[in-house]
Number of protein chains: 2
Amino acid sequence: MRTSCRFAMAVHVLAVLAYQEGDRVTSAALAGSINTNPVIIRRLLLALQKAGLVDTCRGAGAGSRLSRSPKRINLAEIYRSVEACESFATPSKKPNNACPVGHCILEALDVIFTSAQSAMERDLAKTTLADVIARVKASGACK
Amino acid sequence: MRTSCRFAMAVHVLAVLAYQEGDRVTSAALAGSINTNPVIIRRLLLALQKAGLVDTCRGAGAGSRLSRSPKRINLAEIYRSVEACESFATPSKKPNNACPVGHCILEALDVIFTSAQSAMERDLAKTTLADVIARVKASGACK
DNA sequence: CTTTTAAGTAACCTTGATTATTACACTCGT
DNA sequence: ACGAGTGTAATAATCAAGGTTACTTAAAAG
């Protein structure tokens, strides 16, 4: 399976913002930590803004910061804000309707996919951004 | 998100084989139901063979059939046999090691991803191929 | 009010993965 | 031996994502 790395980048971005504890961070600085282009970060931040997770200012001395405490942001929210479509794909061509299986397999698959995706999101919801930061800080201390 | 549809196709293929209850089905016939190329189906069948889910014969009058009862095949097995890599991706470029978050975010993400993927597979494991067939037959009866 | 900083955004390129397609060798039953 | 059908390689066609450049807009600072 091949998926986008938007979720990984979003968690990274928010972790940096949480680490800065309220100081605004520019897209260029974030891009430096993630090692990518500032425009990629800005596109990601737009999605996070719409989800109400970050608060971004334009102009001189601007940048982004979390709009909530890291304790109150869970990973499922982050996932949903940056990953628009479903994890599972079906073929672009429709199955053969003349086949007894083909004519209704898509409905059966949809039930399966929805359930699996929900299970995944419930698991993600168990972890907060604060948990992630705690692990990052612990790991940094060990090193 | 961009994912493969191998899992969807694999479930479809196995559902057709289950529907045929032991009769061998050719890759061309399967391709007809799924509306794709026989070679795609053969490649999928190779993975399902390795996982011990199907039994394929070559030569005249050949084809594939399930190697076990549909009741004893669950969707997590199917998923693992055809989807090699992990569901979640990280950026191709490594994060900036000089950043306190960047230098250890990958480890933190790995824990998160592994947990979420396990949750998803546990959910898939709850459904068997027999369950899928039952839904397909019920849906066909209604129509 | 001008300058400067940085976000918003459009346009385009590059890359990589996946499906699709063609072609051919190999097996096995008849 | 023949024919049906799988195994497999090579290649093309698609397509989405990330990356890049360039320009516009907003807001603070002087």
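Labels below follow one simple rule: chain letters A, B, ... track the order of the sequence lines, proteins then strands, and each chain is numbered from 1.
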Atom [atom1] of [X] and atom [atom2] of [N]: how far apart are they, to the nearest Å?
X	N	atom1	atom2	answer
B/R65	D/dG5	CZ	C1'	16 Å
B/L44	D/dT8	CG	P	15 Å
B/I41	C/dT19	CD1	C1'	11 Å
A/R24	D/dA26	CZ	C1'	13 Å
A/N35	D/dG18	CG	C1'	13 Å
A/E83	D/dA16	CD	P	15 Å
B/I40	D/dA13	CD1	C1'	12 Å

I want to verify a distance call: between C/dT19, C/dA20, D/dG19, whose nearest atom is closest to the A/N37 side chain? D/dG19
In the 5'-to-3' direction, what one-character label does each nucleotide of nucleotides 5-12 of chain C receive under the scheme B = base within less than 4.0 Å of a protein heavy atom, S = sugar-phosphate only, - = no such atom? BSBBBBB-
All salt bridge (Lys or Arg N to Asp or Glu O under 4.0 Å) counterparts of B/R68, not counting sequence neighbours: B/E77
With sequence neighbours excluded, tell me which residues meet salt bridge (Lys or Arg N to Asp or Glu O under 4.0 Å) with B/R122. none
Show me the side-chain donor-acceptor pairs of residues 36-45 of chain A shorter than 3.5 Å, one per line, residues at least two apart or across chains.
from	atom 1	to	atom 2	distance (Å)
A/N37	OD1	A/V39	N	3.0
A/R42	NE	A/S27	OG	3.2

Could you tell me whether A/S92 contacts a base, only the sugar-phosphate backbone, or nothing, with contacts defined as non-hydrogen atoms closer than 4.0 Å? nothing
Residues in side chain to side chain donor-acceptor pair (under 3.5 Å) contact with A/S115, at least two apart in sequence or another chain: B/D123
Identify, with sequence neighbours excluded, every residue that meets side chain to side chain donor-acceptor pair (under 3.5 Å) alongside A/R24. A/D55
Just so I know, are the side chains of B/N74 and B/K126 near enough to count as touching, which here means a heavy-atom distance under 4.5 Å? no
